Structures are given as structure tokens and as C-alpha cells.
Amino acid sequence: MKQDTIELEGVVSDVLPNATFRVDLQNGHRLLATTAGKIRKFKVRILAGDRVTVEVSPYDLTRGRITYRHKD
């Protein structure tokens with residue numbers, strides 16, 4: 001079940017309530033993403049302008065899960 005996700009890179013454009021973020025992808029699309037459990041567990045700070053890796057389900061391309069924040 002884990003292998004049917006699409007990994008994409010994007011930039012956080014908006015920080016929304018409840019650990020939700022609006023992410024602009026490199027291909028021009030925009031989606032809503034929440035933080036993955038590990039990121040929440042280790043209290044990784046994600047701010048607007050951060051480069052992130054997002055896992056997207058092929059069934060719903062408007063929502064995703066942030067799995068990694070790149071160190072810029």
C-alpha cells in the first residue's frame with residue numbers, strides 16, 4: 001500500500017491551522033498537505049518558503065503528506 005504514492009518536491013506557500021500547509025509543486029500544481037507522523041513527532045518546524053518532499057496518492061492529487069523538509 002505504501003508503494004502506490006507519488007513523491008514530488010515543492011515549496012510551502014501558506015501555513016494553515018492544524019499542521020496543514022499549502023504547497024506549490026514544481027510542475028505548477030498546488031495542493032494541501034499535512035505533516036507526516038515522524039515530522040510531527042520530532043517537532044520539525046515548517047515555515048512558508050521551505051522546500052519539502054510531498055507524498056501524494058494517485059487517487060487524490062489535491063492532498064498530500066509532507067515527509068521531508070530540505071535543509072537550505
Side-chain angles (χ1 to χ4, degrees):
M1 188 164 136
K2 189 99 165 147
Q3 61 272 18
D4 59 358
T5 59
I6 305 162
E7 279 208 344
L8 300 165
E9 269 192 33
V11 177
V12 175
S13 60
D14 291 324
V15 179
L16 304 168
N18 300 348
T20 309
F21 303 88
R22 184 156 288 125
V23 179
D24 292 328
L25 301 176
Q26 288 176 336
N27 59 12
H29 288 289
R30 177 177 262 197
L31 55 85
L32 239 71
T34 58
T35 51
K38 281 254 184 350
I39 289 187
R40 210 175 278 163
K41 179 182 173 188
F42 293 111
K43 295 186 174 72
V44 174
R45 281 291 214 202
I46 298 176
L47 304 169
D50 284 352
R51 217 161 47 87
V52 292
T53 300
V54 184
E55 275 186 1
V56 182
S57 164
Y59 306 107
D60 186 5
L61 299 171
T62 62
R63 297 189 166 276
R65 183 186 311 118
I66 296 175
T67 55
Y68 187 76
R69 180 179 64 96
H70 297 276
K71 299 166 186 73
D72 284 327

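On a predicted model such as this, the values are computed, not experimentally measured, just so you know. Below, all heavy atoms of this structure are taken into account, side chains as well, without hydrogens, waters or symmetry copies.
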Give, for atom CG of L31 and atom NE2 of H29, the distance between the pair rounded to the nearest 0.5 Å.
9.5 Å
Give every residue pair that meets the salt bridge (Lys or Arg N to Asp or Glu O under 4.0 Å) criterion with at least one member in residues 27-38, sequence neighbours excluded.
D24-R30
With sequence neighbours excluded, what pairs up with T34 under the side-chain hydrogen bond (donor to acceptor under 3.5 Å, both in side chains) test?
none
For T53, check side-chain hydrogen bond (donor to acceptor under 3.5 Å, both in side chains) against everything at least two apart and list the hits.
H70
How close do A33 and R65 get, counting heavy atoms only, and between which atoms?
CB-N, 4.5 Å
Looking at residues at least two apart in the chain, or sitting in another chain, which of them share a side-chain hydrogen bond (donor to acceptor under 3.5 Å, both in side chains) with K71?
Y68
Heavy atoms from other residues, nucleotides or ligands near CZ of R40 exceed 12 (cutoff 6.0 Å)
yes
Please output the side-chain donor-acceptor pairs of residues 6-15 that fall under 3.5 Å, not counting sequence neighbours, one pair per line with the distance.
{"from": "E9", "atom 1": "OE1", "to": "R51", "atom 2": "NH1", "distance (Å)": "2.8"}
{"from": "S13", "atom 1": "OG", "to": "R22", "atom 2": "O", "distance (Å)": "3.1"}

Closest non-hydrogen contact found for R63 with V56 is O-CG1, 3.6 Å
Under a side-chain separation threshold of 4.5 Å, the hydrophobic residues clustered together with L16 are L32
With a 4.5 Å cut-off on side-chain heavy-atom distances among I, L, V, M, F, W and Y, is there a chain of contacts connecting I66 to F42?
yes
Could you state the interatomic distance from NZ (K43) to OG1 (T35), rounded to the nearest 0.5 Å?
12.0 Å
